[in-house]
Amino acid sequence: MSDAKTIDWSALRKDFPILDQKIHGKPLIYFDNAATSQKPRAVIDALVHYYEHDNANVHRGIHELSNRATNKFEAARARAAKFINAKSADEIVFVRGTTEAINLVASSWGTKNLKAGDVILLTEMEHHSNLVPWQMLAQKTGANISYLPITGDDGLLDLSKLETVLTPRVKIFSLVHISNSLGTLNPVAELCARARKLGIVTLVDGAQSAGHLPVDVQGIGCDFFAFSGHKICGPTGIGILWGRQEILDAMPPYQGGGEMILSVEYQKTEFKRAPHRFEAGTPDISGPIGLHAAMDYLDAIGRENIWRHDQELANYAYDQLAGLKNIRLFGPKARSESRAGVVSFLLKDVHAHDVVTLADQAGVALRGGHHCTQPLMHKLGVESTARASFYFYNTQAEVDRFVEVVKEIQKFFGS
Ligand SMILES: Cc1ncc(COP(=O)(O)O)c(C=O)c1O
């Protein structure tokens with residue numbers, strides 16, 4: 001395993017063909033990694049190889065191609081288990097992404113276990129994917145939703161309020177590991193331990209964490225963990241729901257159809273055990289295969305190294321931006337132990353969309369908007385922010401150029 005200091009981070013850029021291009025005549029600076037990451041050659045090659053050599057449906061045929069496709073598909077499941085230190089591949093459910101993973105839990109576990117008066121606990125910084133499914137479940141069951149508040153612009157969870165909201169009426173606590181809008185790393189292990197003491201089930205939304213730092217679901221002590229392949233260098237359309245075996249086995253199926261059954265009669269069906277009972281129909285097969293290549297790629301670099309690199313860039317960007325006038329920064333301060341590689345900001349009297357549009361003209365890909373966290377934006381008293389989100393193929397020189405572009409935008413608007 002290499003050390004963060006000795007890794008030639010710029011050289012890794014060569015693994016990403018898409019990065020070598022100009023946008024509006026300027027070298028592309030891709031700072032929209034929280035939305036989706038770019039894909040290395042190894043992942044693209046794995047997808048092409050699968051379609052050129054092994055394509056067949058899984059778990060169905062007994063011919064050679066079907067066996068190969070099935071073996072690769074199941075090898076990806078085992079790889080995903082290792083990636084997050086799950087006890088067994090049987091705890092890994094293939095889903096479309098974080099959104100589907102949370103919908104699966106809300107629909108299957110939630111419908112079975114919640115009743116009127118129960119409480120679903122979330123935090124004020126959740127992505128719509130970890131909010132809307134619970135609202136739908138609350139409407140269906142009569143459960144209520146409560147929120148662990150945030151402290152303000154510095155985007156930390158207000159742990160002084162934990163005791164007030166973490167009551168025995170709470171049946172599930174679902175929270176984000178790293179906020180996509182604030183760049184906050186939450187103390188999930190500590191929070192899950194507190195919940196566990198009260199017998200509360202926990203779900204961690206790992207959409208922004210799984211590809212950026214080492215994840216150990218047993219160490220975190222949660223009951224469910226969800227992430228998306230496309231944010232960790234893998235393809236779109238594939239994600240992982242991890243659940244403790246005993247909880248998954250006790251959950252009813254999410255969708256019905258082929259592949260998830262042991263036997264079907266005209267009036268009744270016997271279902272397979274988890275994870276297959278949750279994977280109805282022909283799944284995305286190339287997705288797990290591409291994701292397998294992505295997980296191998298990331299772990300060859302080392303996620304602890306990626307995390308250090310992300311943090312260094314974020315601290316550097318935060319410091320540079322904090323030195324400007326008329327800027328409002330969101331999320332933990334630079335060098336706070338809670339700071340991850342996402343920096344959100346607003347320029348005085350400039351709409352976030354204008355920042356993003358002008359940055360794009362300079363070749364810099366940012367994101368502006370509510371980032372699917374509208375309630376959080378309202379809590380902060382804004383409609384939107386501009387956001388730069390980093391990954392290991394980004395460089396300090398790119399941050400320098402980005403800060404120059406922000407200064408040019410301020411000049412243009414006289415802000
Ligand atoms: C924190 C967080 N949760 C959930 C999601 C939803 O992920 P997906 O759209 O891949 O399902 C995102 C996507 O941006 C996210 O950042």
_Proximity of His59 and Phe73 rings by center, below 6.0 Å_ =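 Aromatic pair counts; centres sit under 6.0 Å.
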_Candidate pair Phe271 and His276, rule ring-ring contact (aromatic ring centres under 6.0 Å, His included), full reasoning_ = CA-CA 9 Å; Phe271 305 116; His276 301 288; over 10 Å; no
*asked:* Within 45 degrees of the ring normal and closer than 6.0 Å to the centroid, is that where the cationic atom of Arg194 sits relative to Phe173?
replied: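 Output no; distance or angle outside limits.
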Within-4.5 Å side-chain heavy-atom neighbours: [X] and [Y]:
{"X": "Phe392", "Y": "Trp307", "answer": "no"}
{"X": "Leu159", "Y": "Leu191", "answer": "yes"}
{"X": "Lys231", "Y": "His212", "answer": "no"}
{"X": "Ile120", "Y": "Val170", "answer": "no"}
{"X": "Ile289", "Y": "Leu47", "answer": "no"}
{"X": "Leu291", "Y": "Ile240", "answer": "yes"}
{"X": "Asp32", "Y": "Leu366", "answer": "no"}
{"X": "Leu12", "Y": "Ser10", "answer": "no"}

*asked:* Apply side-chain contact (heavy atoms from CB on, under 4.5 Å) to residues Val119 and Lys171 and explain how you reach the verdict.
replied: CA-CA 6 Å; Val119 174; Lys171 290 289 171 293; over 6 Å; no
Pairwise distance [atom1]([X]) to [atom2]([Y]) - rounded to 0.5 angstrom:
{"X": "Leu131", "Y": "Glu124", "atom1": "CG", "atom2": "CD", "result": "10.5 Å"}
{"X": "Gln361", "Y": "Ile409", "atom1": "CD", "atom2": "CD1", "result": "10.5 Å"}
{"X": "Leu157", "Y": "Leu162", "atom1": "CG", "atom2": "CG", "result": "9.0 Å"}
{"X": "Ser344", "Y": "Arg367", "atom1": "OG", "atom2": "CZ", "result": "11.5 Å"}

*Write out all pairs satisfying side chain to side chain donor-acceptor pair (under 3.5 Å) with one or both partners inside residues 178-187, taking only residues at least two apart or from two chains.*
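For residues 178-187: Ser181-Thr373.
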*Which residue pairs satisfy the side chain to side chain donor-acceptor pair (under 3.5 Å) criterion with at least one member in residues 234-254, sequence neighbours excluded?*
Glu91-Trp242, Asp223-Arg244, Gln245-Asp249, Asp249-Arg273
Just checking, is any N or O donor in the side chain of [X] or [Y] under 3.5 Å from an acceptor N or O on the other one?
{"X": "Asp360", "Y": "Thr357", "result": "no"}
{"X": "Ser415", "Y": "Asn326", "result": "no"}
{"X": "His230", "Y": "Ser37", "result": "no"}
{"X": "Asn130", "Y": "Ser174", "result": "yes"}

Residue [X] excluded, over 12 heavy atoms near [atom1] under 6.0 Å:
{"X": "Asp20", "atom1": "CG", "value": "no"}
{"X": "Arg339", "atom1": "CZ", "value": "yes"}
{"X": "Glu337", "atom1": "CD", "value": "no"}
{"X": "Arg77", "atom1": "CZ", "value": "yes"}

Can you name the residues that form a side chain to side chain donor-acceptor pair (under 3.5 Å) with [X], not counting sequence neighbours?
{"X": "Asn113", "answer": "none"}
{"X": "His292", "answer": "none"}
{"X": "Lys272", "answer": "none"}

_Checking Asp54 now: which residues fulfil side-chain contact (heavy atoms from CB on, under 4.5 Å) with it, not counting sequence neighbours?_
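Applying side-chain contact (heavy atoms from CB on, under 4.5 Å) to Asp54 gives His49, Tyr50, Arg68, Lys72.
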Ring pair (Phe, Tyr, Trp, His ring centres under 6.0 Å) with [X]: which residues, sequence neighbours excluded?
{"X": "Tyr297", "result": "Phe16"}
{"X": "Phe31", "result": "Phe390, Phe402"}
{"X": "Phe278", "result": "none"}

Answer yes when [X] and [Y] have at least one side-chain N-carboxylate O distance shorter than 4.0 Å, and no when they do not.
{"X": "Arg79", "Y": "Asp299", "answer": "yes"}
{"X": "Arg335", "Y": "Glu312", "answer": "no"}
{"X": "Arg41", "Y": "Asp15", "answer": "no"}
{"X": "Asp153", "Y": "Arg328", "answer": "yes"}

*Among pairs that include at least one residue of residues 127-166, which meet ring-ring contact (aromatic ring centres under 6.0 Å, His included), considering only residues two or more places apart or in two chains?*
His128-His370
*Between Trp109, Phe224, Phe225, which is the residue that forms a side chain to side chain contact (heavy atoms under 4.5 Å, CB included) with Leu203?*
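Passing option: Phe224.
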Where do [X] and [Y] come nearest, in terms of heavy atoms and distance?
{"X": "Val343", "Y": "Ala314", "value": "CG2-O, 4.0 Å"}
{"X": "Cys222", "Y": "Thr202", "value": "CA-OG1, 3.2 Å"}
{"X": "Asp154", "Y": "Thr151", "value": "OD1-OG1, 2.7 Å"}
{"X": "Asp90", "Y": "Ser88", "value": "N-OG, 2.8 Å"}
{"X": "Leu241", "Y": "Ala101", "value": "CB-CB, 3.8 Å"}
{"X": "Val355", "Y": "Ala386", "value": "CG1-CB, 4.0 Å"}

_Test side-chain contact (heavy atoms from CB on, under 4.5 Å) applied to Tyr316 and Val403, step by step_ = CA-CA 10 Å; Tyr316 183 69; Val403 175; over 6 Å; no
*For side-chain contact (heavy atoms from CB on, under 4.5 Å), just list the numbers for Val204 and Leu175, CA-CA rounded to whole Å, side-chain angles, deciding distance to a tenth of an Å, and then say yes or no.*
CA-CA 5 Å; Val204 173; Leu175 75 160; 4.3 Å; yes
Would you give me the side-chain donor-acceptor pairs under 3.5 Å for residues 345-354, sequence neighbours excluded?
| from | atom 1 | to | atom 2 | distance (Å) |
| --- | --- | --- | --- | --- |
| His351 | ND1 | His353 | N | 2.9 |
| His353 | NE2 | Gly368 | O | 3.3 |

*Report the C-alpha distance between Glu279 and Val95 in whole Å, list the side-chain angles of each, state the deciding distance to 0.1 Å, and finish with yes or no for side-chain contact (heavy atoms from CB on, under 4.5 Å).*
CA-CA 8 Å; Glu279 295 175 0; Val95 286; over 6 Å; no
_Verdict with reasoning, Arg13 to Glu398, per salt bridge (charged side-chain N to carboxylate O under 4.0 Å, His left out)_ = CA-CA 12 Å; Arg13 291 173 66 83; Glu398 287 183 318; 3.1 Å; yes
*For Glu408, check salt bridge (charged side-chain N to carboxylate O under 4.0 Å, His left out) against everything at least two apart and list the hits.*
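Expected list: Arg401.
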